[in-house]
Amino acid sequence: MMATPKSPESAEPRPLHALALVCTLTPSPEPSSSQLIAEQTLQALADHQVSGETIRVVDHDVKPGVQADMGEGDAWPRIRQAVYDADILLLSTPIWLGHPSSVAQRVLERLDAELSHTDDEGRMLTYGKVAGVCVVGNEDGAHHVAAELYQGLNDVGFTLPANAVTYWVGEAMQGTDYQDLDKPPEATAGTTATLAANAAHLARLLKQSAYPPS
């Protein structure tokens with residue numbers, strides 16, 4: 001039987017840590033704009049003394065389903081433990097047909113299992129964890145994609161700070177990707193910095209003061 005990850009409150013105080021789940025459809029080692037913007041957000045978080053790591057989800061055999069463990073060969077339990085080891089979760093996704101990628105949707109479906117995992121006071125084990133969103137695409141739709149991910153993340157217990165998304169969308173009907181740019185546009189870089197600052201601030205507040213019993 002799989003062990004349930006420890007509630008954040010049961011662990012010793014430690015520096016903040018962030019995990020970015022990169023939901024590109026492109027396996028490693030191919031370059032990915034979603035990977036790049038996630039790494040840039042982690043770099044911005046490092047300015048606030050937050051360590052970080054990325055997992056490119058498509059590189060792992062994450063089974064379809066809504067259970068914490070879908071059985072033999074399922075890579076989700078290891079990723080789930082990484083989520084629980086982090087204080088801040090970033091979902092980084094491209095826009096496909098106006099929506100988050102199918103990989104991002106699968107992550108949300110697997111996180112749905114957290115609804116049935118609670119501590120002794122009825123709080124989901126994700127309570128106290130902060131979430132943010134990174135979006136890239138070659139057409140408009142970043143706000144819609146963020147809204148879909150916001151709702152899903154909040155439903156399964158994550159808390160979102162003010163300005164919880166950073167994004168870039170290129171001009172419609174052309175082929176430039178975010179990774180093709182020489183450097184992030186000033187507006188995107190500023191939004192990334194704001195997301196990092198607000199996520200780190202909120203994560204520290206939630207570590208100091210937990211949500212009340214449910």
Side-chain angles (χ1 to χ4, degrees), residues 1-23 38 41-42 45 48 50-55 57 60 62-70 74-93 100-101 103-135 145-165 195-196 198-214:
M1 180 179 295
M2 184 189 66
T4 300
K6 294 180 179 179
S7 169
E9 290 186 335
S10 66
E12 292 295 324
R14 55 178 172 73
L16 293 180
H17 182 70
L19 171 68
L21 295 183
V22 178
C23 299
T41 304
L42 291 177
L45 280 163
H48 300 276
V50 181
S51 63
E53 63 177 314
T54 66
I55 295 176
V57 179
H60 304 272
V62 175
K63 305 292 187 185
V66 292
Q67 302 299 319
D69 189 340
M70 295 302 298
D74 185 18
W76 180 253
R78 295 189 299 276
I79 296 174
R80 181 177 182 243
Q81 185 60 57
V83 171
Y84 272 90
D85 290 341
D87 304 286
I88 298 169
L89 175 65
L90 300 172
L91 290 189
S92 185
T93 182
S101 73
V103 177
Q105 182 63 34
R106 179 159 297 184
V107 167
L108 290 180
E109 289 165 353
R110 297 307 301 271
L111 287 171
D112 185 74
E114 303 309 321
L115 292 168
S116 59
H117 292 270
T118 59
D119 65 15
D120 293 340
E121 296 186 299
R123 294 169 293 201
M124 280 189 280
L125 302 181
T126 48
Y127 276 22
K129 294 186 180 298
V130 170
V133 172
C134 307
V135 184
V145 167
E148 288 194 36
L149 297 182
Y150 282 0
Q151 181 63 46
L153 287 163
N154 189 252
D155 274 355
V156 296
F158 291 88
T159 302
L160 293 116
N163 300 113
V165 63
L195 166 59
N198 290 355
H201 175 71
L202 180 57
R204 288 194 172 93
L205 291 177
L206 290 174
K207 282 177 74 78
Q208 294 168 6
S209 182
Y211 281 108
S214 296

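Throughout, residue positions are numbered sequentially from 1 according to the sequence presented. Just the heavy atoms: all of them, side chains too, but no hydrogens, waters or symmetry mates, feed the values below.
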Can you tell me how far the [atom1] atom of [X] sits from the [atom2] atom of [Y], to the nearest 0.5 Å?
X	Y	atom1	atom2	answer
R204	H48	CZ	NE2	8.5 Å
I55	L19	CD1	CG	5.0 Å
L21	R110	CG	CZ	12.5 Å
K129	L89	NZ	CG	9.0 Å
Y127	E114	OH	CD	12.5 Å
Q105	L108	CD	CG	5.5 Å

Between the side chain of [X] and the main-chain N/O of [Y], is any donor-acceptor distance below 3.5 Å?
X	Y	result
R106	C23	no
D87	H17	yes
T93	S101	yes
D69	P77	no
R123	Y211	yes

Residue pair L125, D119: steps toward the side chain to side chain contact (heavy atoms under 4.5 Å, CB included) verdict: CA-CA 6 Å; L125 302 181; D119 65 15; 4.0 Å; yes
Heavy atoms from other residues, nucleotides or ligands near NE2 of H201 exceed 12 (cutoff 6.0 Å): no
Indicate the atoms forming the closest heavy-atom contact of [X] with [Y], along with that distance.
X	Y	result
D74	K63	OD1-N, 3.1 Å
H60	A75	CB-CB, 3.8 Å
L16	A203	CD1-CB, 4.0 Å
V22	A38	CG2-CB, 3.9 Å
A131	L153	CB-CD1, 3.9 Å
L42	A18	CD2-CB, 3.8 Å

Residues which pass salt bridge (Lys or Arg N to Asp or Glu O under 4.0 Å) with E148, listed by chain and number, not counting sequence neighbours: none
Step-by-step side chain to side chain contact (heavy atoms under 4.5 Å, CB included) determination, W76 to L111: CA-CA 10 Å; W76 180 253; L111 287 171; 3.8 Å; yes
